[in-house]
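Computed from a prediction, not measured in an experiment: that's the story for all the values here. Along the sequence shown, residues are numbered consecutively beginning with 1. Quick note: numbers below take in every heavy atom, side chains included, and nothing from hydrogens, waters or symmetry partners.
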Amino acid sequence: MTLAEYRGTYTISTRWEDEDVYGHVNNVKYYSYFDTAVNGYLIRETGIDIRTLPAYGIVAESSCRFQRELKFPLDVAAGLKVTKLGNSSVVYEIALFQGNDPEPAAVGRFVHVYVTGSDRKVTPVPAQIREVLEPLAG
């Protein structure tokens, strides 16, 4: 898939520390990019600090299919889509693109399960979150 095929996007700046001794972005950073893309997108699109909501998404599952290297100092464009929007969970597909390459460097699966802040009980996805995720579903 190309970036244009994703309904949501979020840009992430790579940092000097992201590269390892082999001269490419270390694999653990890709997971950080997934987390940044999802939460940055939610904050930008809802216009609120999602940390202040009575419920928040915790990462219940994540995976990554590495396809090529990412490099510093180029930005990473994250393409986002929602593959499942449940009552209390969201499954994202996130693709990381860099430079002019039309193919993603990595494609990840990222699952948020929403819980209450006080007792960590599973709870419905907040309406403000659901509203900005529905257009990414499908």
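- T11 and D75 form no side-chain donor-acceptor contact under 3.5 Å, judged by distance and modelled atom types alone.
- Hydrophobic cluster membership differs between F97 and L70, with clusters built from Ile, Leu, Val, Met, Phe, Trp and Tyr side chains linked at under 4.5 angstrom.
- At least one donor-acceptor pair closer than 3.5 Å links the side chain of Q98 to the backbone N or O of K71.
- T123 OG1 to L53 CG: the interatomic distance, rounded to the nearest 0.5 Å, is 11.0 Å.
- Looking at heavy atoms from C-beta onward, T46 lies in side-chain contact with I129 at the 4.5 angstrom threshold.
- When atom types are taken as modelled, the side chain of S89 and the backbone of G86 share no donor-acceptor pair closer than 3.5 angstrom.
- Hydrophobic clustering of Ile, Leu, Val, Met, Phe, Trp and Tyr side chains at less than 4.5 Å, counting indirect connections, unites Y10 with I48.
- For Y33 and D18, the side-chain atoms include at least one donor-acceptor pair closer than 3.5 Å.
- The distance from the CG atom of L136 to the OG1 atom of T83 is 11.0 Å, given to the nearest 0.5 Å.
- Few gaps surround CD on E69; more than 12 heavy atoms of other groups in view lie less than 6.0 Å from it.
- In this structure, V122 and S88 approach most closely via the heavy-atom pair CG1-OG, 3.4 Å.
- Taken to the nearest 0.5 Å, the NZ atom of K81 stands 8.0 Å off from the CZ atom of R7.
- Side-chain contact between M1 and E93 is present, with at least one heavy-atom pair separated by less than 4.5 Å.
- Of the possible polar contacts, none joining the E45 side chain to the V132 backbone as a donor-acceptor pair under 3.5 Å is found.
- For R109 and E61, the salt-bridge test passes: some basic side-chain N is under 4.0 Å from an acidic carboxylate O.
- Following chains of ILVMFWY side-chain contacts shorter than 4.5 Å, one cannot reach Y92 starting from V107, and the two form parts of different hydrophobic clusters.
- No path of Ile, Leu, Val, Met, Phe, Trp and Tyr side chains, each step under 4.5 Å between heavy atoms, connects V111 with I94, placing them in separate hydrophobic clusters.
- Checking L42, V115, V113 one by one against Y56, the side chain to side chain contact (heavy atoms under 4.5 Å, CB included) holds for a single residue, V115.
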Worksheet item: Between L96 and F34, does a side-chain contact (heavy atoms from CB on, under 4.5 Å) hold up when you go through it step by step?
Response: CA-CA 8 Å; L96 303 178; F34 295 156; 3.7 Å; yes
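- Rounded to the nearest 0.5 angstrom, R120 CZ and Y114 OH are separated by 14.5 Å.
- In this structure, the side chain of E103 does not engage the main chain of T2 through any donor-acceptor pair within 3.5 Å.
- Note: Y30 and F66 meet the aromatic proximity criterion, with ring centroids under 6.0 Å apart.
- Put simply, I50 and L80 are part of the same group of oily side chains (I, L, V, M, F, W, Y) that touch within less than 4.5 Å, one to the next.
- Aromatic ring orientation, Y22 versus H24: parallel (interplanar angle below 30°, classes split at 30° and 60°).
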Discussion item. Working note: V38 + H112, criterion side-chain contact (heavy atoms from CB on, under 4.5 Å); need CA distance, chi angles, decisive distance, verdict.
Written reply: CA-CA 10 Å; V38 167; H112 264 165; 3.6 Å; yes
Worksheet item: side-chain contact (heavy atoms from CB on, under 4.5 Å) between E17 and K29: does it pass, once the steps are laid out?
Response: CA-CA 10 Å; E17 70 180 26; K29 298 295 183 178; 4.1 Å; yes
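- Annotation: the span from S62 atom OG to F110 atom CZ amounts to 6.5 Å, rounded to 0.5 Å.
- For the pair Y6 and A95, the tightest heavy-atom approach, listed with the atom from each and the gap, is OH-CB, 3.4 Å.
- The CD1 atom of I43 sits 13.0 Å away from atom OH of Y41, with the distance rounded to the nearest 0.5 Å.
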Worksheet item: What do the steps show when you test V90 against L133 for side-chain contact (heavy atoms from CB on, under 4.5 Å), and what is the final call?
Response: CA-CA 9 Å; V90 182; L133 292 181; 3.7 Å; yes
